[in-house]
Participant: 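Here it is, the structure, as structure tokens.
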Amino acid sequence: QKLYEREKVNPMGGCLWSFLPLFILIPLYYIIREPLTYLMDVPKDAIAKIAEITGIANTGAYPQIAMAEALNKDGMLAQVQAALGDAGNGLFNLDFHFLGINLADIPNWKFWEGGLSWGSVGLFLLPLVSTAVSFLSMKVSMATNKINQQVKNDQMDRTNKVMMYTMPLMSLWIGFTVPAGLSVYWVAQYFVTIIQEIICSKMLKK
């Protein structure tokens with residue numbers, strides 16, 4: 001505490017910055033989760049009408065994503081716009097596909113059901129890739145920490161080893177319970193983290 005006071009360092013200063021992304025991620029989560037409301041400006045009371053026309057239940061965690069995807073079917077967009085009138089002026093076709101994989105779909109362990117295709121196999125592979133890259137990210141982080149560690153800390157090493165296995169397993173479980181777009185986001189985030197760790201490690205070592 002005396003060292004902090006003498007050097008005018010706020011110990012919370014390093015933690016507060018990590019909360020800043022939440023102010024972007026939380027609104028972004030709602031925008032992606034409810035595209036009809038936030039991207040297409042459809043009033044809340046009109047969502048039930050869209051659910052009725054598309055035949056998709058307005059329940060569960062991601063009904064609006066399923067409804068937005070249903071609008072891509074032949075004539076569905078025009079039908080919904082006609083039923084909503086002015087409330088449907090902001091509706092448009094939203095393509096959820098990336099590299100031939102529908103990121104609005106939730107990955108399924110039984111990817112062979114309904115026939116094998118790159119769409120079903122790729123969807124199944126995304127959480128696995130996310131888990132593998134998560135594990136690699138943890139390994140790189142542990143390796144760079146050892147390079148810059150001045151004093152051996154057995155307790156911290158044990159904690160890091162537990163985290164190295166639990167975090168990828170959590171990624172795997174979550175990856176099969178939410179739309180596949182999250183796995184793509186995680187893969188990108190882990191790669192950025194790995195690059196950041198390597199660069200920072202070299203700078204600190206120098």
Participant: Is it the case that over 12 heavy atoms from other parts of the model lie below 6.0 angstrom from the CG atom of D41?
Facilitator: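 Check fails, neighbour count at 12 or below.
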
Participant: Looking only at atom types and distance, does a side-chain atom of T193 sit under 3.5 Å from a main-chain N or O of Q189, one as donor and one as acceptor?
Facilitator: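 Yes, because the side chain of T193 sits within donor-acceptor range (under 3.5 Å) of the backbone of Q189.
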
Participant: With the side chain counted from C-beta on, respond yes when N108 and L123 share a heavy-atom pair under 4.5 Å apart, and no when they do not.
Facilitator: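 Of all side-chain heavy-atom pairs linking L123 with N108, none is under 4.5 Å.
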
Participant: Could you walk me through whether E34 and K44 satisfy the salt bridge (charged side-chain N to carboxylate O under 4.0 Å, His left out) test, starting with their C-alpha distance in whole Å, then the side-chain angles of each, then the deciding distance to 0.1 Å, before giving a yes or no?
Facilitator: CA-CA 10 Å; E34 300 183 356; K44 290 277 187 184; 3.2 Å; yes

Participant: Find out if a path of hydrophobic residues (ILVMFWY) with successive side-chain heavy-atom gaps under 4.5 Å connects Y29 to I47.
Facilitator: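 Yes; tracing contacts between hydrophobic side chains, which count when under 4.5 Å, links both residues.
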
Participant: Could you report the tightest heavy-atom contact between S171 and S134, atom names first, then the distance?
Facilitator: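 It is OG-OG, 3.9 Å.
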
Participant: If you measure from CD on Q79 to OG1 on T54, what distance do you get to the nearest 0.5 Å?
Facilitator: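 Taking CD in Q79 and OG1 in T54, the distance rounds to 9.5 Å.
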
Participant: Would you please test Y185 and L25 for side-chain contact (heavy atoms from CB on, under 4.5 Å) and show each step?
Facilitator: CA-CA 12 Å; Y185 166 76; L25 290 174; 3.5 Å; yes

Participant: Ignoring hydrogens and angles, tell me if any N or O in the side chain of S141 forms a donor-acceptor pair with the backbone of S137 under 3.5 Å.
Facilitator: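 Pair absent, no side-chain N/O of S141 close to backbone of S137.
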
Participant: What closest approach, in Å, do Q81 and L91 show between heavy atoms, and which atom pair accounts for it?
Facilitator: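 What the structure gives for the nearest pair is NE2-O, 3.3 Å.
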
Participant: Report the C-alpha separation of E69 and D105 in whole Å, then their side-chain angles, then the decisive distance to 0.1 Å, and conclude whether the side-chain contact (heavy atoms from CB on, under 4.5 Å) test is met.
Facilitator: CA-CA 10 Å; E69 189 180 5; D105 287 343; 3.8 Å; yes

Participant: Taking the side chain as everything from C-beta on, heavy atoms only, tell me whether L125 gets closer than 4.5 Å to L128.
Facilitator: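 Yes - at least one pair of side-chain heavy atoms lies under 4.5 Å apart.
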
Participant: Look at the rings of F176 and W109 and say which category their plane angle falls in: under 30° parallel, 30 to 60° tilted, over 60° perpendicular.
Facilitator: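 Parallel.
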
Participant: Which heavy-atom pair separates V178 from P107 by the least distance, and what is that distance?
Facilitator: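 Reported closest heavy-atom pair: O-CD, 3.4 Å.
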
Participant: Is there a path from Y190 to L126 through hydrophobic residues (I, L, V, M, F, W, Y) whose side chains come within less than 4.5 Å of each other?
Facilitator: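 Cluster IDs for Y190 and L126 differ.
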
Participant: Indicate the atoms forming the closest heavy-atom contact of G175 with S183, along with that distance.
Facilitator: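 Taking G175 first and S183 second, the nearest heavy atoms are CA-OG, 4.1 Å.
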
Participant: Nearest 0.5 angstrom please: R33 CZ to Y38 OH, how far?
Facilitator: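 Separation between the atoms: 9.0 Å.
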
Participant: Rounded to the nearest 0.5 Å, how far does CE of M67 lie from CD1 of I56?
Facilitator: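 Interatomic distance, I56 CD1 to M67 CE, rounded to 0.5 Å: 6.5 Å.
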
Participant: Consider only side-chain heavy atoms of I, L, V, M, F, W and Y, link residues closer than 4.5 Å, and tell whether V121 and F98 are in one cluster.
Facilitator: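 Looking at the clustering, F98 is in the same group as V121.
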
Participant: Please indicate whether M167 has more than 12 foreign heavy atoms, meaning atoms of other residues, nucleotides or ligands, lying under 6.0 Å from its CE.
Facilitator: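 No.
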
Participant: Quick check: closest heavy atoms across Q64 and P35, and the distance to 0.1 Å?
Facilitator: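 Reported closest heavy-atom pair: OE1-N, 3.6 Å.
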
Participant: Surrounding CZ of F92 (heavy atoms of other residues, nucleotides or ligands, distance under 6.0 Å), is the total greater than 12?
Facilitator: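 Correct, the count exceeds 12.
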
Participant: Taking side chain as C-beta onward, heavy atoms only, is I31 less than 4.5 Å from L39?
Facilitator: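 Side-chain contact under 4.5 Å: yes.
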
Participant: Should I174 and W186 count as side-chain neighbours, where that means a heavy-atom distance under 4.5 Å?
Facilitator: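 Sidechains of W186 and I174: in contact.
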
Participant: Could you check whether any side-chain heavy atom of K110 comes within less than 4.5 Å of a side-chain heavy atom of W112, counting everything from C-beta outward?
Facilitator: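 They are in side-chain contact.
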
Participant: In terms of hydrophobic clustering (I, L, V, M, F, W, Y; side-chain heavy atoms under 4.5 Å; direct or indirect links), are Y165 and L172 co-clustered?
Facilitator: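 Different hydrophobic clusters.
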
Participant: Assess the residue pair T37 and Y30 against the criterion (side-chain contact (heavy atoms from CB on, under 4.5 Å)); give the C-alpha distance rounded to whole Å, side-chain angles, the decisive distance to 0.1 Å, and a yes or no.
Facilitator: CA-CA 9 Å; T37 301; Y30 281 99; over 6 Å; no

Participant: Drop me the distance from L71's CG to L94's CG, to the nearest 0.5 angstrom.
Facilitator: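 CG of L94 is found 9.0 Å from CG of L71.
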
Participant: Can you list the steps and then say if L116 with F111 is a side-chain contact (heavy atoms from CB on, under 4.5 Å)?
Facilitator: CA-CA 7 Å; L116 285 175; F111 60 91; 3.7 Å; yes

Participant: Report yes or no: do Y62 and V42 belong to one cluster of Ile/Leu/Val/Met/Phe/Trp/Tyr joined by side chain heavy-atom distances under 4.5 Å?
Facilitator: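 They do share one cluster, since a chain of ILVMFWY contacts under 4.5 Å joins Y62 to V42.
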
Participant: Enter the distance from N72:CG to N93:CG here, rounded to the nearest 0.5 Å.
Facilitator: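 Separation between the atoms: 4.5 Å.
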
Participant: Is the closest basic N to carboxylate O distance between E197 and K139 below 4.0 Å?
Facilitator: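 No.
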
Participant: Which value, rounded to the nearest 0.5 Å, describes the distance between I32 atom CD1 and I65 atom CD1?
Facilitator: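 Here the interatomic distance stands at 8.0 Å.
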
